[in-house]
Structures are given as C-alpha cells and as structure tokens.
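Take a look at the structure below.
Since the model is a prediction, treat every value here as computed from it, not as a measurement.
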Amino acid sequence: MNSEWFTTDQVRQLVELLTVVAAAPDTSDEHRYELDYCRSQVAQQMPAVEVFVLAGVLRETTDRPGPDVATRDDCRRWSAYLIHLLSVAAIPTAATSRPEPIVNVAA
C-alpha cells in the first residue's frame, strides 16, 4: 500500500473502481491498458506524477459512454480528490487530514 498517498481502504476502493471502469462496455483497448497500468500502480509507492496520471485517467472516464452514471460520479470524485492531494502535498498536515471520498463502486 502507498501510505504516503492512500489508506488501505482507499487503495481497495480505487482498485475496485478501476476494475469496474476497465470492464465497462465501450472501453477501448488503449483506455483499458491505461486503467490496468494505473491499477497496478495504486498499491505501490506512487510518485506525484503517477497520481496526476491516475487523476487524468479517471477524469477522462467521465466523458466516455461505457461506465454508468454512478461509476462516472465516482471517477469524478476520485479525480477531484487526487488533484486536491497533489495541491496540498507540500503542506505537512496533508498526510494527517485525508478526506475520504464517497465511492459507490458498481459491481
């Protein structure tokens, strides 16, 4: 788990969300590859640039026709949360004040 960026529960939530998005209809092979790559990186020591890539991949998903509305909302929330993490990364209290995004992973 990447203790610098995510809690254990957040890692689980992100992996589940990325799995759902990758399995959605109309997900291109290229986007599925990006999702798979991001999923493999979440549980590792993820540098800020990878967190930024993950936020972008999730944001892109909100514009794609495949995922359902709840999944798109989850992607939008996670993307905003990740951008927030990046913006406060330089603040020492950022590691102790992690807001938990509400996630509804559609199975």
Side-chain angles (χ1 to χ4, degrees):
M1 183 204 59
N2 187 335
S3 59
E4 182 179 340
W5 293 108
F6 309 115
T7 65
T8 302
D9 191 48
Q10 288 174 319
V11 169
R12 181 192 53 76
Q13 290 174 0
L14 268 171
V15 167
E16 287 177 8
L17 179 61
L18 292 169
T19 301
V20 167
V21 172
D26 300 327
T27 299
S28 70
D29 288 342
E30 180 181 338
H31 194 62
R32 193 169 283 116
Y33 173 79
E34 288 177 331
L35 292 163
D36 186 51
Y37 174 75
C38 287
R39 187 174 51 222
S40 72
Q41 296 300 304
V42 170
Q44 298 178 14
Q45 291 298 320
M46 200 174 212
V49 70
E50 294 295 335
V51 174
F52 184 71
V53 168
L54 176 58
V57 167
L58 290 171
R59 184 69 186 141
E60 275 183 32
T61 299
T62 64
D63 299 329
R64 298 183 184 274
D68 61 27
V69 175
T71 301
R72 286 185 213 191
D73 287 345
D74 289 344
C75 289
R76 192 173 289 113
R77 276 191 291 275
W78 269 105
S79 180
Y81 174 68
L82 295 174
I83 295 300
H84 169 75
L85 279 180
L86 291 169
S87 69
V88 297
I91 300 172
T93 60
T96 60
S97 61
R98 298 180 188 163
E100 293 285 332
I102 299 170
V103 176
N104 257 338
V105 176

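With Thr71 contributing its side chain and Val21 its backbone, the two residues share no donor-acceptor pair below 3.5 Å. Side-chain N or O atoms of Ser79 include none that pairs as donor or acceptor with a backbone N or O of Arg76 at under 3.5 Å.
A distance of 13.0 Å separates CZ in Arg77 from CG in Leu82, rounded to the nearest 0.5 Å.
Put simply, the side chain of Tyr37 does not reach to within 4.5 Å of the side chain of Leu18, judged on heavy atoms. You'll find the side chain of Leu17 reaches within 4.5 Å of the side chain of Leu58, heavy atoms only. Two residues are said to be in side-chain contact when any heavy atoms from C-beta on lie closer than 4.5 Å; Val51 and Gln41 fail this criterion. Put simply, the side chain of Val20 does not reach to within 4.5 Å of the side chain of Asp74, judged on heavy atoms. Side-chain atoms of Gln10 and Trp78, non-hydrogen and from C-beta on, do get closer than 4.5 Å to each other.
Ile83 and Ala55 make their closest contact through CD1-CB, 3.8 Å (heavy atoms, listed as atom of the first residue, atom of the second, distance). Counting all heavy atoms, side chain and backbone alike, Val53 lies closest to Cys38 at CG1-SG, 4.3 Å. The heavy-atom pair separating Cys75 from Thr62 by the smallest distance is CB-CG2, 4.0 Å. Of all heavy-atom pairs between Val15 and Thr19, the closest is O-OG1, 2.8 Å. For the residue pair Val42 and Phe6, the shortest heavy atom distance occurs at O-CD1, 4.0 Å. Between Pro67 and Ala24, the shortest heavy-atom contact is N-CB, 3.8 Å.
Partners of Tyr33 under the side-chain hydrogen bond (donor to acceptor under 3.5 Å, both in side chains) rule, at least two apart in sequence or in another chain, do not exist in this structure.
Within the structure, salt bridge (Lys or Arg N to Asp or Glu O under 4.0 Å) pairs that include any residue of residues 31-40 comprise Asp29-Arg32, Asp36-Arg39 (at least two apart or interchain). Among residue pairs with one or both ends in residues 50-59, none qualify as salt bridge (Lys or Arg N to Asp or Glu O under 4.0 Å); sequence neighbours excluded.
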